[in-house]
Amino acid sequence: MSKFDLVIRNAHVVTAADAMRCDIGVSGGRVAALAHDLPKGRNEIDAAGRYVLPGGVDGHCHLEQPMPAPMKMADDFASGTRSAACGGTTTVIPFAAQQKGHSLRAAVEDYHRRAEGKALIDYAFHLIVTDPTATVLNEELPLLLREGYTSFKIYMTYDELKLDDGQILDVLALAREHGAMAMVHAENSECIAWLTRRLEAAGRTAPRFHADARPMLVEREATHRAIALSELVDVPILIVHVSGREAVEQIRWAHGHGLRIYAETCPQYLFLTADALGLDGYQGAKCVCSPQPRDLANQQVIWDALADGLFTVFSSDHAPFGYDDPRGKKPGGKEVPFQYIPNGIPGLETRLPLLFSEGVGKGRITLNRFVELTATNPAKLYGLYPRKGTIAIGADADMVIWEAAREVTISNGMLHHAVDYTPYEGMRITGWPAVTLSRGEVVWDASEPQGRSGRGRFLKCDRPDLARPAPQR
Ligand code: DUC
Ligand code: ZN
Ligand code: ZN
């Protein structure tokens, strides 16, 4: 009887810190050995000539998040996690969102019901705090944090989600007391509302005017304010979906002053520009997300900040709404003014291949940095490391064998989400996962998703591993 359920032979293993050539022995869903010439396993994969990397951890994606009618996200936990696995991601962390006037606990219970029996890969939950009442702050949140929900998102915009500065301070104080990770959506709500009213009055309602309602200063001001609120409370925060230069400058300033500000960016800020919102007719609705993609100069700033260590994590912000869909980009079946288009674009499956091809393949970032941004750091930030986010003895055997030279023209037909478009249609990239393993089981084999929906397990998160952000290189 073999000691190993699976042996991956001749692997070129790359983690955030190292690279080594060895065999990988998997037993009971975990990495049990990293050595040469391991004895035969019950199953064997020959990885000769291929990289074996930790499975991706997508720390920011939205799946089946309850929305105001008639909107409904296209992906549930089954299609969303399937799509993630086919793109090399083995852990997702979507959001259990509190509805104003309701309890946070109820949101978490509801979200578990949505996930149960459906996920193909493992998942944890962030919370979204929209109504920080005394009960939420003093009773619900402290208990939930102890039960393995150790991170939450707060919004500075969106009427149904946003908190005012006093509420944000209350929530940050609680994060400090309990060692939780606060993620902040930083955009100035009043400026957006004012600009939107003026655009509407001028009849400027096409999708491309979404960008005019959110000039960069809207993100810059809110980023600055979020940093100040974090400094006042003396607690680290993560600024999510940073889109360009002015927000990056604020974060650099904070780092220069020794403040613990983590930062996230997403594929849409590297591979799309605001021009995509002006596509023919109503097509620009496909790329309406917030913050919106900027321009080529801002893309370069984001690339530089990925390479020099300013960013801690690279996430998809997958927010799946169908285009020709009365529950999606055409609410009620109609082409609507930009402010009623549900915000978000799909990207769970393309996140890793895009960064692998254009980042590692084009020499902008190293393979170690790729692993750090897409797997190791999100696992650390959200209290899942070292179980997730690395290849090490005792870690879950979540791994991706990469076919680094495979040339791919992205098309929606090859993806596995339930959205009817991809914003990256026609893009030519090099590299795609050949095999994705979740706890030692194949969930993607280069042609089909594998494994049973519902095999994915809920993960309780520990306290975040809150080292200071890496010094900028
Ligand atoms: N913006 C968000 O804040 N969340 C989901 C999608 C989006 O565009
Ligand atoms: Zn957001
Ligand atoms: Zn989001």
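Along the sequence shown, residues carry numbers from 1. When reading the values below, keep in mind they use all heavy atoms of this one structure, side chains included, and skip hydrogens, waters and symmetry mates. Counting convention: from 1, in listed order, for ligands and their atoms alike. Quick caveat, the model's predicted, so the values are computed rather than measured.
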Where ligand 1 meets Ala319 - atom numbers and elements under 4.0 angstrom, heavy-atom basis: 5 (C), 6 (C)

Closest candidate by heavy atom, reference atom 6 (C) of ligand 1, pool Asn343, Leu161, Ile345: Asn343

Closest protein heavy atom to atom 4 (N) of ligand 1, given as residue, atom name and distance to 0.1 Å: His62 NE2, 3.6 Å

Side-chain donor-acceptor contact under 3.5 Å, Arg463 with Thr150: no

Side chains of His60 and His241, donor plus acceptor under 3.5 Å: no

Parallel, tilted or perpendicular, as decided by the 30° and 60° cut-offs, for the rings of Phe77 and Tyr111: perpendicular

Between His112 and Phe458, ring centroids under 6.0 Å: yes

Polar contact flag for Ser290 and ligand 1 (N/O pairs, less than 3.5 Å): yes

Protein N, O or S within less than 2.8 Å of the Zn ion (ligand 3), waters excluded: His60 NE2, His62 NE2, Asp317 OD1

Ring geometry between Tyr421 and Tyr323 (parallel below 30°, tilted from 30 to 60°, perpendicular above 60°): perpendicular

Check: Tyr155 N/O within less than 3.5 Å of ligand 1 N/O: no

Residues Asp295 and Gln299: side-chain donor-acceptor under 3.5 angstrom: no

Per-residue contact class, Val240 against ligand 1 - non-hydrogen pairs under 4.0 Å: neither

Structural part of Cys289 in contact with ligand 1, heavy atom criterion under 4.0 angstrom: both

Aromatic plane relationship, Phe356 with Phe370 - under 30° parallel, 30 to 60° tilted, over 60° perpendicular: perpendicular

Ligand-side contact atoms (ligand 1) for residue partner His241, heavy atom cut-off under 4.0 Å: 3 (O)

Qualifying residue for side-chain hydrogen bond (donor to acceptor under 3.5 Å, both in side chains) with Arg439, from Asp398, Asp122, Asp396: Asp122

Asp324: which of Lys330, Lys334, Lys329 passes salt bridge (Lys or Arg N to Asp or Glu O under 4.0 Å): Lys330

Side chain, backbone, both or neither: the part of Lys153 lying under 4.0 Å from ligand 1 by heavy atom: side chain

Qualifying residue for side-chain hydrogen bond (donor to acceptor under 3.5 Å, both in side chains) with Ser83, from Glu349, His417, His318: Glu349

side-chain hydrogen bond (donor to acceptor under 3.5 Å, both in side chains) partner of Arg105, chosen from Glu147, Glu139, Glu140, Gln98: Glu147

Taking atom 2 (C) of ligand 1 as the reference point, the nearest protein heavy atom with its distance: Tyr158 OH, 3.6 Å

